Q: 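This is the structure I have questions about; it appears just below.
One-based numbering along the sequence shown. Note that the structure is predicted; figures quoted are calculated from it, not measured.
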Amino acid sequence: MEVPVGGTAIVILLALILVALVVLIVVLLRRRSGPAPAAPAPPRDPFAAEDQAAGDPRTLKAGDMVEYLGTRYFVRGSLRLREGGFTWSEHLLDADTAEGGKVWVSVEEDPDLEVVWWTEYDIGDLTPGERTVVVEGVEYRRDEHGTADYTSEGTTGVGVQGRVEYVDYEGPRGKYLSFEQYGGGPWEAGLGERVPTGSMTIYPGSGG
């Protein structure tokens with residue numbers, strides 16, 4: 001029995017439709033089973049301990065080396081300070097590259113990490129009694145005043161432990177002025193500048 005010509009066309013058409021449906025189903029299944037798009041990376045702390053390129057200022061200690069603005073300094077000693085539940089650190093750097101003046105770097109979290117580079121300043125008759133102080137043409141406003149307990153590690157120029165009174169002033173564009181008085185002695189002062197993130201490299205000492 002012969003199949004009508006029209007019937008043959010219908011069979012071919014149905015076969016093509018079936019093939020197209022199979023191809024479409026295969027494509028859809030492959031798309032569903034493909035890898036999910038990667039989630040965006042979470043924000044990363046550039047000073048995290050695992051970042052070997054910059055190091056972590058929060059772990060600084062005597063014997064470490066610091067590179068900043070193209071110059072390397074050795075950490076001679078560290079002060080660990082506490083006032084109530086708040087703690088911070090100050091580190092004395094090798095003064096040989098600073099023309100005899102003391103260079104310090106302070107590290108604190110309040111709550112964000114803040115690293116400040118300090119250079120010794122001869123205050124003369126200047127005292128931290130005023131709410132506003134002008135030094136070298138820069139105006140600083142008093143920000144904090146308190147007394148902290150400290151312990152000393154390595155070479156710092158102060159006792160193993162004691163108390164320090166401080167008066168901090170803040171200026172424009174990340175500039176600071178700080179007065180410190182250890183054990184009732186004379187006031188000492190330093191001018192500070194905030195260290196930009198990633199601009200300081202830390203090399204742990206052999207004891208790290």
Q: Once rounded to the nearest 0.5 Å, what's the spacing between atom CG of Leu92 and atom NZ of Lys102?
A: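 The CG atom of Leu92 sits 6.5 Å away from the NZ atom of Lys102.
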Q: At what distance, to the nearest 0.5 angstrom, does OG1 of Thr156 lie from NE2 of His91?
A: 12.0 Å
Q: Evaluate the criterion side-chain hydrogen bond (donor to acceptor under 3.5 Å, both in side chains) for residue pair Tyr166 and Glu144; output intermediate values, then yes/no.
A: CA-CA 8 Å; Tyr166 66 89; Glu144 291 182 307; 5.1 Å; no
Q: Who pairs with Glu170 by side-chain hydrogen bond (donor to acceptor under 3.5 Å, both in side chains), at least two apart in sequence or on another chain?
A: none
Q: Under 3.5 Å, is there a donor-acceptor pair between the Thr155 and Arg76 side chains?
A: no
Q: Passes side-chain hydrogen bond (donor to acceptor under 3.5 Å, both in side chains), Arg80 versus Thr151? Steps please.
A: CA-CA 5 Å; Arg80 311 296 180 180; Thr151 57; over 6 Å; no
Q: Could you pull out all residues at least two apart from Trp118 that satisfy ring-ring contact (aromatic ring centres under 6.0 Å, His included)?
A: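 Trp118 satisfies ring-ring contact (aromatic ring centres under 6.0 Å, His included) with no residue once adjacent residues are dropped.
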Q: Can you tell me how far CD of Glu165 sits from CD of Gln181, rounded to the nearest 0.5 angstrom?
A: 5.5 Å
Q: What are the two closest heavy atoms between Pro172 and Glu139, and how far apart are they?
A: CD-O, 3.6 Å
Q: Mind checking what makes side-chain hydrogen bond (donor to acceptor under 3.5 Å, both in side chains) contact with Glu109, not counting sequence neighbours?
A: Arg58
Q: Hey, any chance Leu81 and Val160 share a hydrophobic cluster, counting ILVMFWY side chains that come within less than 4.5 Å of each other, even indirectly?
A: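 Each belongs to a different hydrophobic cluster.
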Q: Under 4.5 Å between side-chain heavy atoms, counting indirect links through other Ile/Leu/Val/Met/Phe/Trp/Tyr residues: same cluster for Val116 and Val105 or not?
A: no
Q: Would Trp117 and Leu93 count as a side chain to side chain contact (heavy atoms under 4.5 Å, CB included) here? Give the steps.
A: CA-CA 10 Å; Trp117 190 269; Leu93 305 184; 3.2 Å; yes
Q: Treating Ile, Leu, Val, Met, Phe, Trp and Tyr as nodes and any side-chain heavy-atom pair under 4.5 angstrom as an edge, say whether Leu113 and Tyr68 lie in one connected cluster.
A: yes
Q: What's the separation between atom CZ in Arg163 and atom CD in Glu83, rounded to the nearest 0.5 Å?
A: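 Between atom CZ of Arg163 and atom CD of Glu83 there are 8.5 Å.
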Q: What's the spacing between Thr71 OG1 and Asp94 CG if we round to 0.5 Å?
A: 11.5 Å
Q: Determine, for Asp149 against Arg82, whether the closest basic-nitrogen to carboxylate-oxygen distance falls under 4.0 angstrom.
A: no
Q: Check for me, please, whether Leu60 and Trp104 land in the same ILVMFWY cluster - side-chain distances under 4.5 Å, paths through other members count.
A: no
Q: Please report the C-alpha distance between Val66 and Arg72 in whole Å, then the side-chain angles of each, then the deciding distance to 0.1 Å, and finally whether the side chain to side chain contact (heavy atoms under 4.5 Å, CB included) criterion is met.
A: CA-CA 6 Å; Val66 171; Arg72 292 186 176 183; over 6 Å; no
Q: In chain order, what residues pass the side-chain hydrogen bond (donor to acceptor under 3.5 Å, both in side chains) check against Tyr176, with sequence neighbours excluded?
A: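 Applying side-chain hydrogen bond (donor to acceptor under 3.5 Å, both in side chains) to Tyr176 gives Glu114, Arg194.
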Q: Would you name the heavy atoms of Pro57 and Met200 that are closest together and state the gap between them?
A: CG-CE, 4.2 Å
Q: Any non-hydrogen side-chain atom of Val75 less than 4.5 Å from a side-chain atom of Lys61?
A: no
Q: Following the transitive rule for hydrophobic clusters with a side-chain heavy-atom cut-off under 4.5 Å over Ile, Leu, Val, Met, Phe, Trp and Tyr, establish whether Val103 and Val115 coincide in one cluster.
A: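 Yes.
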Q: For Asp168 and Ser178, which heavy atoms make the closest approach, and how far apart are they?
A: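 That would be OD1-OG, 2.7 Å.
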Q: If you count the non-hydrogen atoms of other residues, nucleotides and ligands that lie under 6.0 Å from CZ in Arg141, is the total more than 12?
A: no
Q: How long is the straight-line distance from OG of Ser106 back to CD of Glu108, given to the nearest 0.5 Å?
A: 6.0 Å
Q: Can you name the side-chain hydrogen bond (donor to acceptor under 3.5 Å, both in side chains) partners of Gln161, sequence neighbours left out?
A: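 If we apply the side-chain hydrogen bond (donor to acceptor under 3.5 Å, both in side chains) test to Gln161, skipping adjacent residues, there are no hits.
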Q: Side-chain contact test, heavy atoms from C-beta onward, threshold under 4.5 Å: evaluate it for Asp64 versus Tyr203 and give yes or no.
A: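 In short, these two side chains do not touch, never coming nearer than 4.5 Å.
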Q: Over all heavy atoms of both residues, which pair between Gly77 and Ala62 is shortest? Give the atoms and the distance, please.
A: CA-CB, 4.1 Å
Q: Does the ring centre of Tyr150 sit less than 6.0 Å away from the ring centre of Trp88?
A: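 Between Tyr150 and Trp88, which both carry aromatic rings, the centre distance is not below 6.0 Å.
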Q: Could you tell me which non-hydrogen atom of Gly159 sits nearest to which non-hydrogen atom of Ser152, and how far apart they are?
A: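 Closest pair (atom of Gly159, atom of Ser152, distance): O-CB, 3.1 Å.
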Q: Side-chain heavy atoms under 4.5 Å apart, restricted to Ile/Leu/Val/Met/Phe/Trp/Tyr: what other residues fall into the cluster of Val135, or is it alone?
A: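 Members other than Val135 - counting any ILVMFWY side chain reachable under 4.5 Å - are Tyr121, Ile123, Leu126, Val133, Val138, Tyr140, Val167, Tyr169, Leu177, Phe179, Trp187, Leu191.
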